[in-house]
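Below is one structure; the comments refer to it alone.
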Amino acid sequence: MTESTHQPMDWKTLISTKRMSKSSQHKEISEYRTDFQRDYDRLIFSSPFRRLQNKTQVFPLPGSVFVHNRLTHSLEVSSVGRSLGNDASRSLISRHPELDAGNMNMLGLIVSTGCLAHDLGNPPFGHAGERAIASYFSQGRGQNIRDIVCSECGEETGSLIWSDMVHFDGNANAFRLLTHQFEGRREGGYMMTYSVLASIVKYPFSSLMTHRQKFGFFQSELPFYREIAQTLGIRCFQDEGYKVHYARHPLAYFVEAADDICYEIMDIEDAHKLHILTTAQTHELLLGFFEGKQRQHLESAYPNVTDSNERTIYLRACVINAIEQECVRVFMDHEEEILSGTFQGSLIEHMESPLREAFNKCVSTAKQYIYKDRQVLDVELAGYKIIYELLDLFITAVLNPDKSYSQLLINRVPGQYEVRHSAVTERIRGVLDYISGMTDVYALDLYRKINGQSLPMI
């Protein structure tokens, strides 16, 4: 089935308080919070969100110099996302007075909540952990698992599950974490509103669309995304069995922009703190976002502030504010294309000079100096090894659950993970859920204990 209509998406249906669980529509306790505030609070107080404090962002977890981890990154992304959503809502209400101002005023909160959730599915050690999981199945000792899964589930379904495994992705895993339901129960996950869930899906394709490199949901969660898309009126370009392609929910552009802004600009600040970039290099990169009198003003502002870190923080704040305002302008200029699903690229890619060129220079500098720094590479190497070995040990255990050593490993896994399921495939998925939810510190500690390199205090 391909798209049957060319109607653009409609803000009136895109903003919805409907949730994954039907029973959650009936509130047992009267309260004054909006549904989107409940989503935000639910994430803030959740265990997966707290665990982000011990997950690497780029640099090793802090010693004497504090740099960003996944938790601080997510909070900052949420702050920028709130500004993007709030500024856009004011412009949209002015442009479309027929829209419900109450609903449109929720855009900042929806984007902010989506930003809080965007990294929840990342495994320990970031992209190194993702690569370790994917390569275990595609290139490593897990290659034979395809035959096991296909034998149990049938060739067609098994191939779909296998596609998820060999293309494991933190974005899709975040959507799974927020929507996953145990034993087929309707209730499950975090029962978030549809609008928040749609806002985190930057790549609304299935894992079978691998030519797109990134994807937004595993095959197991495809029915949930279909339901969300249909309810919100998200435009569908292709739906042929398990090969699907949807337009983005418009607010996903803001979640993406907030993430990109904080990722690149805050990495520059962290690199300065760690002396990977000099003060002169850092300030030149940040001042590159401005021209003429504006640049001259920033260069001479606050002459009494001579501390290099404080000057860097001031310039960084000015840069983020400038990019945020420009992204809202791009969004409003291209609203029609965004609602029709024909907008190509990101908001940042459509910024005007000098912002776009300055941002690209930060990206190239990060690739040259930051992501190839010895500390960063050492964490990636160690993280890859740790995740790969843990995955192999636990998958071997759930494939051979009757062995004594397997029982020791399985008993080590909390009961919320389905490593004791009667179906082999579900046990393997349970291992992936368990390992991807670990923090860096937990994974390292478990790896050392299993390998006899450390023991608990007796």
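Within the cation-pi definition used here (under 6.0 Å to the ring centroid, within 45° of the axis), R248 qualifies as a partner of Y253.
F331 and F254 have their aromatic ring centers within a separation under 6.0 angstrom. In summary, the aromatic rings of F224 and F175 are positioned with their centroids too far apart to meet the 6.0 Å limit. Outside the 6.0 Å centre-distance limit, the rings of Y246 and F237 are not counted as a close aromatic pair. Ring to ring, H297 and F290 are not that close: their centroids are 6.0 angstrom or more apart.
You'll find the side chain of R316 reaches within 4.5 Å of the side chain of I320, heavy atoms only. Annotation: side chain of R38 is not in contact with side chain of D41 (no heavy-atom distance under 4.5 Å). The side-chain heavy atoms of F215 and S206, taken from C-beta on, include no pair separated by under 4.5 Å. Side-chain atoms of I387 and P124, non-hydrogen and from C-beta on, do get closer than 4.5 Å to each other. You'll find the side chain of M266 reaches within 4.5 Å of the side chain of E76, heavy atoms only.
Remark: the H127 side chain and the E130 side chain contain an N/O donor-acceptor pair separated by less than 3.5 Å. In summary, the side chains of Q325 and N321 do present a donor paired with an acceptor at a separation below 3.5 Å, with no hydrogens or angles considered. Counted by atom type alone, Y32 and Q37 present zero donor-acceptor pairs between their side chains at under 3.5 Å. Side-chain atoms of N171 and Y203 include no donor-acceptor pair closer than 3.5 Å. If you check the side chains of D35 and T193, you find no donor sitting under 3.5 Å from an acceptor. With hydrogens and angles left out, the side-chain atoms of E337 and H334 include a donor and acceptor closer than 3.5 Å. Using modelled atom types, one finds no donor on one side chain facing an acceptor on the other under 3.5 Å when comparing S135 with Y388.
Under the 3.5 Å distance criterion, the side-chain polar atoms of R50 are matched with a main-chain donor or acceptor of F45. With S199 contributing its side chain and V196 its backbone, the two residues share a donor-acceptor pair below 3.5 Å. Listed for the T72 side chain is a donor-acceptor partner under 3.5 Å among the backbone atoms of N69. A donor-acceptor pair under 3.5 Å is formed between the side chain of E326 and the backbone N or O of E352. R19 contributes a side-chain N or O that, together with a main-chain N or O of M191, makes up a donor-acceptor pair within less than 3.5 Å. The backbone N or O of A134 sits less than 3.5 Å from a side-chain atom of S138, completing a donor-acceptor pair. A donor-acceptor distance shorter than 3.5 angstrom exists from the side chain of H350 to the backbone of Q344, with no hydrogens or angles considered. A side-chain donor-acceptor contact under 3.5 Å links H249 to the backbone of L14. With Q368 contributing its side chain and T365 its backbone, the two residues share no donor-acceptor pair below 3.5 Å. Under the 3.5 Å distance criterion, the side-chain polar atoms of Q281 are matched with a main-chain donor or acceptor of T278.
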>> Test salt bridge (charged side-chain N to carboxylate O under 4.0 Å, His left out) on R311 and D307; report intermediate values, then the result.
In response: CA-CA 6 Å; R311 295 291 298 176; D307 181 81; over 6 Å; no
> What do the steps show when you test Y434 against Q416 for side chain to side chain donor-acceptor pair (under 3.5 Å), and what is the final call?
Replying inline: CA-CA 9 Å; Y434 174 50; Q416 71 195 79; over 6 Å; no
>> D39 vs T113, test: side chain to side chain donor-acceptor pair (under 3.5 Å). Steps then yes/no.
In response: CA-CA 7 Å; D39 282 356; T113 305; over 6 Å; no
>> For a side chain to side chain donor-acceptor pair (under 3.5 Å) check, start with the C-alpha distance between N54 and Y442, then their side-chain angles and the critical distance, and finish with the verdict.
In response: CA-CA 8 Å; N54 269 327; Y442 183 94; over 6 Å; no
>> Before you tell me yes or no, could you show the steps for V363 and K367 under side-chain contact (heavy atoms from CB on, under 4.5 Å), namely the whole-Å CA-CA distance, both residues' side-chain angles and the distance that decides it to 0.1 Å?
In response: CA-CA 6 Å; V363 173; K367 289 180 179 177; 3.9 Å; yes
> Does the pair L391 and F137 meet the rule for a side-chain contact (heavy atoms from CB on, under 4.5 Å), with working shown?
Replying inline: CA-CA 10 Å; L391 192 60; F137 295 107; 4.2 Å; yes
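Classified by interplanar angle (parallel below 30°, tilted 30° to 60°, perpendicular above 60°), the ring pair Y225/F217 is parallel.
Look at E221 and R176 and you find a salt bridge, because one of the NZ, NE, NH1 or NH2 atoms lies within 4.0 Å of a carboxylate O, short of that distance. Salt bridge annotation for R95-E335: present, with a cationic side-chain nitrogen under 4.0 angstrom from a carboxylate oxygen. Note on D445 versus R448: no salt bridge recorded, every NZ/NE/NH1/NH2 to OD/OE distance being 4.0 Å or above. Between K12 and E98, no side-chain nitrogen of the basic residue sits less than 4.0 Å from a carboxylate oxygen of the acidic one, so the salt-bridge criterion is not met. Look at D433 and R429 and you find no salt bridge, because none of the NZ, NE, NH1 or NH2 atoms lies under 4.0 Å from a carboxylate O. Between K361 and E357 there is no salt bridge, since none of the side-chain N atoms of the basic residue sits less than 4.0 Å from a carboxylate O of the acidic one. In summary, K385 and E389 engage in a salt bridge, as defined by a charged side-chain N under 4.0 Å from a carboxylate O. In this structure, D440 does not pair ionically with K55, as no charged nitrogen and carboxylate oxygen lie closer than 4.0 Å.
Taking both residues in full, the closest heavy atoms of F218 and D169 are given as CZ-O, 3.9 Å, listed atom of the first, atom of the second, then distance.
Annotation: side chain to side chain contact (heavy atoms under 4.5 Å, CB included) contacts of S16 (sequence neighbours excluded): K18, S195, L232.
Within the structure, salt bridge (charged side-chain N to carboxylate O under 4.0 Å, His left out) pairs that include any residue of residues 294-306 comprise E284-R295, R295-E299 (at least two apart or interchain).
In this structure, CD1 on I228 lies 4.5 Å from CG on L197, to the nearest 0.5 angstrom.
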